[in-house]
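Keep in mind that the numbers below use all heavy atoms, side chains included, and drop hydrogens, waters and symmetry copies. The chain is numbered in sequence order, starting from 1.
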Amino acid sequence: MFTDEYFMKMAFQEAELALEKDEVPIGCVIVSNNRVIAKSHNLTETLNDVTAHAEMQAITSGANYLGGKYLQKCTMYVTLEPCVMCAGALSWSQITKVVIGARDEQRGFINKALSLHPKTEVVTGIMENECSQIVKDFFKNKR
């Protein structure tokens, strides 16, 4: 059965791919009609590009797949709460739903009092422990 947990596990696999590349382990998938149309992970180090967040990569890939700039009737599953930059892009994309694994209290858009497109539904806490722990472990190992 296609549940939020089912697709978040796919996003988590993307985070693990990022970890293998020594990138901040954040993963993302975009789903339309229960079909994955885009998947990505952070590539900021690989591409030497501060905008190469998992969400930005997925938005571009999903829009290319659909042949347009809007992600209406799509759901993004992302392991960590999007930052302000990614939230802005998500708002412009008019995505229907964003499912977040772990909150990012410091850099996430929610605590910045920002909102996505008025019609975008936001769900948090799916696989929260796993999604939070992989990021915590990454930074702990960096210190």
Next on the checklist: Do V122 and T124 make a side-chain contact, defined as non-hydrogen atoms from C-beta onward lying under 4.5 Å apart?
Outcome noted: yes
Item to check | Main-chain N/O of A58 paired to S61 side chain as donor or acceptor, under 3.5 Å | outcome: no
Checklist entry - Atom OG in S93, atom CD1 in I30: separation rounded to 0.5 Å? => result 7.0 Å
Next on the checklist: Do V50 and M85 land in one hydrophobic cluster if side-chain heavy atoms of ILVMFWY residues count as linked below 4.5 Å?
Outcome noted: no
Next on the checklist: Between D49 and T51 (side chain of the first, backbone of the second, donor and acceptor by atom type, cut-off under 3.5 Å), is there such a pair?
Outcome noted: yes
Output a table of donor-acceptor pairs, distance under 3.5 Å, between side-chain atoms of residues 72-79 and any protein atom two or more places apart or on a different chain; print 'none' if there are none.
| unit_1 | atom_1 | unit_2 | atom_2 | d |
| --- | --- | --- | --- | --- |
| Q72 | NE2 | Q94 | OE1 | 2.6 |
| Y77 | OH | D4 | OD1 | 2.9 |
| T79 | OG1 | G27 | N | 3.0 |

Item to check | Reported CE-to-CD distance for the pair M127 and Q133, which is rounded to 0.5 angstrom | outcome: 12.5 Å
Item to check | Any donor-acceptor N/O pair, E81 side chain to I110 backbone, under 3.5 Å | outcome: yes
Checklist entry - Do the side chain of K21 and the main chain of E16 share a donor and acceptor less than 3.5 angstrom apart? => result no
Next on the checklist: Any side-chain to backbone donor/acceptor pair from T120 onto I95? Under 3.5 Å, distance only.
Outcome noted: yes
Checklist entry - Between N42 (side chain) and T44 (backbone), is there a donor-acceptor pair under 3.5 Å? => result no
Checklist entry - Considering residues at least two apart in sequence or located in another chain, which fulfil the side-chain hydrogen bond (donor to acceptor under 3.5 Å, both in side chains) criterion with N64? => result none
Next on the checklist: Given 3.5 Å as the limit, does a donor-acceptor pair link the side chain of H53 with the main chain of E55, or not?
Outcome noted: no
Checklist outcome for this item: The side-chain hydrogen bond (donor to acceptor under 3.5 Å, both in side chains) partners of E130 (sequence neighbours excluded) come to none
Checklist entry - Do the side chains of K136 and I134 get nearer than 4.5 Å, heavy atoms only? => result no
Checklist entry - Does N111 use its side chain to pair, donor to acceptor, with the backbone of E105 at less than 3.5 Å? => result yes
Checklist entry - Which heavy-atom pair separates E23 from F138 by the least distance, and what is that distance? => result O-CE1, 3.4 Å
Checklist entry - With a 4.5 Å limit on heavy-atom distance, are the side chains of K39 and M10 in contact? => result no
